[in-house]
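First the proteins, then the strands, lettered A, B, ... as listed; each starts at 1. Owing to the predicted nature of the structure, the values given are computational and were not obtained by experimental measurement. We use all heavy atoms of the structure for the numbers below, so side chains are in, but hydrogens, waters and symmetry mates are not.
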Protein chains: 2
Amino acid sequence: MGLIVQKFGGTSVGDIDRIFNVANRVIEEKKRGNDVVVVVSAMGKTTDQLVQLAKAIDDHPPKREMDMLLSTGEQVTISLLTTALIKKGFEAISFTGWQAGIQTEKLHGNARILNIETKKLSSLLEEGKIVVVAGFQGVTEDGEITTLGRGGSDTTAVALAAALKAERCDIYTDVTGVFTSDPRYIKGARKLSSISYDEMLELANLGAGVLHPRAVEFAKNYSIPLVVRSSMERENGTIIEEEISMEQNLVVRGVAFEDDITRITVEGLKDEINSLSSIFGVLADHGINVDIIIQSRIHDQTGSVSFSIKTDDLHDTIHVLERNKEKLGFDSITYEEGLAKVSIVGSGMISNPGVAAEMFAILAENHISVKMVSTSEIKVSTVIDQKDMEKAAQVLHDGFGLAQQKTKATI
Amino acid sequence: MGLIVQKFGGTSVGDIDRIFNVANRVIEEKKRGNDVVVVVSAMGKTTDQLVQLAKAIDDHPPKREMDMLLSTGEQVTISLLTTALIKKGFEAISFTGWQAGIQTEKLHGNARILNIETKKLSSLLEEGKIVVVAGFQGVTEDGEITTLGRGGSDTTAVALAAALKAERCDIYTDVTGVFTSDPRYIKGARKLSSISYDEMLELANLGAGVLHPRAVEFAKNYSIPLVVRSSMERENGTIIEEEISMEQNLVVRGVAFEDDITRITVEGLKDEINSLSSIFGVLADHGINVDIIIQSRIHDQTGSVSFSIKTDDLHDTIHVLERNKEKLGFDSITYEEGLAKVSIVGSGMISNPGVAAEMFAILAENHISVKMVSTSEIKVSTVIDQKDMEKAAQVLHDGFGLAQQKTKATI
């Protein structure tokens, strides 16, 4: 008998029927003799509706007030799910982020979890209660409500699993597992039975959308096995853990893609060395995630730097840079919207030089031009025109033979 | 320059336009040089919609989880109003009940405020910020979210006014003030320019619906002048304060009425003296408000007691009594639904005997039979059939000449 943390996303709790379905999944786990902590997101489109309300008042609402607003979404879900569990005869109790002791840094909209005070939850679990916790939210030491940014409920679930020393963290979602690529767009995409933390981390960072990268990082650091599975289908999911031997020899294990990317170019850097650290320092201070960075210097001209961001952050980025123009020391900013990122991931790449070259060749054959490139030991990312995104992902999925590989036995 | 607490109800913040309208009213007060604390309710029908969601899961959802659910309503409003104030160039900051330090007793669904920690709010007011607080909610010393029951936002506003030593508490609502009776139903009902706390307390307790009685009590105890006024119309409202001389000589100042009343009769009390205190003790412990109590004992038979409650509490009342049947020592419970309460209020009654008799005469002339009666120094209440309610209120309003009195100069 151990502790299982279960996380259910917005689609899984989208209406009353689905909330009862989730209650049943929770009860099944409880009946197996396990203690259960359940983390839930806001119902269906609630978050989007709340964002719309705020944007009807101000296109760029204050981040503190957005956290105040959005955190109500999960609070509704924990109450309804707990009511359903109690209705079905089980002892259950709900907690908001602050009640669950989820302490975060002071950064509205995209805070990281610093610590979880587990005393209260532990004692309730010992009493046999099912504990239902609002995902995506926490509290600063000053009692300010924060949210964890995109996919924050995954992070809440894994952080709770780590803090409570759970046996496993099950991420229930609207897909049946982690795929070689997004099956909604890519023909032949197939479910992986297992994947390593590092590969998942690259996939998650690259917009595979199944799991939040911070959640995977947390899970890796605390060696929490993660299982991605469907809340509706009764299939086995994909297990994410340290050692995977069976498929280790494959060079490329997945193709990830992400749209709504913008490339920013800051030109005329006066003092290049210092400017670079100042620019990315100031962006980090404002919680803006910069992805690929490319620096170019053409002989004795002043320097420039290009980097990619989510298009959602474009307004903030320009605003922050312009406001600090003097301090940062640059001439002008240009940007290109309508871009996308397509990446290949696989831990086999470490020992296989030439994978990047093969990727570029496949893209070139298909007349797709590459605007930015970034590589790590286990991935190669390219920024291309958004209109080419799906095609690029498909030809790479085909080109690296991902569809042909046999599915291994399910876990 | 002083501190004004403003409270805006659900209708006043029902949509984005109305939230901007409220922002304008707040800004007007701020521009007059006052510090402003704003207390808001949930938007329009939000609370009803949340109740419906919970009832789709369980007809009698757990009260703790209902508080968790309903408290999100005001949290949405404080965020949106604060966003609107900031958009209009004012410094504003929102607080939930727990963040604002509103400490309550441990009673879900109907908690009373015990204390307000004003340190944080005071220092923000000193910085010149407009402070926006979620009404209707608080927190226990264990960190449990509670709600204050019906009209709880009024109580929040007055309690904050008392704790922060405000000059005045303005209750903005969808009516223009306190009327001699409900103008939606009673012909000739007119707005009062002023009224005493005690009279307002009786009117509020009797279902006049404009102000929560606990709010009036708080205001009386701390001598906070209350003003009831419209959030949409620019009319003067009704001031509620200790001394009112001008209209003091009027015997009856208002006619209040309230529907959905149920009379409960508990029969066959074994040990009458002890049973009575046990019955009402056990109901109070469960947060059930009992209104009129009538005890009857017919020579040497066992005793019985009748009392009136809101029909909403019927299920809970029966449940609580039946569960404690042995301890309370009774034979059976009967009840009659579909009743209403109609009352006359006026501080002039103290020195005018015969007002009750006149009331019964007016009702009898109109063939309305009285089922229960309760009197205080400044009011007489009758329980009658719900179908007779409006007629009774109208004939009493006419009979005591309330419509003919001239409206005094507005404040």
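- The part of A:I16 that comes within reach of chain B is its side chain, from C-beta onward, which places non-hydrogen atoms under 4.5 angstrom from that chain.
- Note that CG of B:L69 is 5.0 Å distant from CG of A:L80, once rounded to the nearest 0.5 Å.
- When all heavy atoms are compared, the tightest approach of B:V76 to A:L53 is CG1-CD1, 4.5 Å.
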Under 3.5 Å, what donor-acceptor pairs does chain B form with chain A?
| unit_1 | atom_1 | unit_2 | atom_2 | d |
| --- | --- | --- | --- | --- |
| B:R64 | NH1 | A:S94 | O | 3.0 |
| B:R64 | NH1 | A:S94 | OG | 3.1 |
| B:R64 | NH2 | A:S94 | O | 2.8 |
| B:E65 | O | A:S79 | OG | 2.6 |
| B:E65 | OE1 | A:S94 | OG | 2.5 |
| B:E65 | OE2 | A:S94 | N | 3.4 |
| B:E65 | OE2 | A:S94 | OG | 3.3 |
| B:M68 | O | A:Q75 | NE2 | 2.9 |
| B:S71 | OG | A:Q75 | NE2 | 3.0 |
| B:Q75 | NE2 | A:M68 | O | 2.9 |
| B:Q75 | NE2 | A:S71 | OG | 3.0 |
| B:S79 | OG | A:E65 | O | 2.7 |
| B:S94 | N | A:E65 | OE2 | 3.4 |
| B:S94 | O | A:R64 | NH1 | 3.0 |
| B:S94 | O | A:R64 | NH2 | 2.8 |
| B:S94 | OG | A:R64 | NH1 | 3.2 |
| B:S94 | OG | A:E65 | OE1 | 2.5 |
| B:S94 | OG | A:E65 | OE2 | 3.3 |
| B:Q99 | NE2 | A:G143 | O | 2.8 |
| B:K120 | NZ | A:D142 | O | 3.3 |
| B:D142 | O | A:K120 | NZ | 3.3 |
| B:G143 | O | A:Q99 | NE2 | 2.8 |

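- Contacts classified as ring-ring contact (aromatic ring centres under 6.0 Å, His included) and involving residues 116-160 of chain B (residues at least two apart or in different chains) are not found.
- Most heavy-atom pairs under 4.5 Å with chain B: of the set A:A92, A:G73, A:A56, this distinction falls to A:A56.
- For B:A100, the side chain to side chain contact (heavy atoms under 4.5 Å, CB included) partners at least two apart in sequence or on another chain are B:F95, B:I102, B:L121, B:V133.
- Of the two parts of B:I86, only the side chain, counted from C-beta on, holds a non-hydrogen atom closer than 4.5 Å to a non-hydrogen atom of chain A.
- Contacts of A:A166 classified as side chain to side chain contact (heavy atoms under 4.5 Å, CB included), with partners at least two apart in sequence or in another chain: A:L3, A:V5, A:A161.
- Heavy atoms closer than 4.5 Å to chain A are found in the side chain of B:L50, but not in its backbone.
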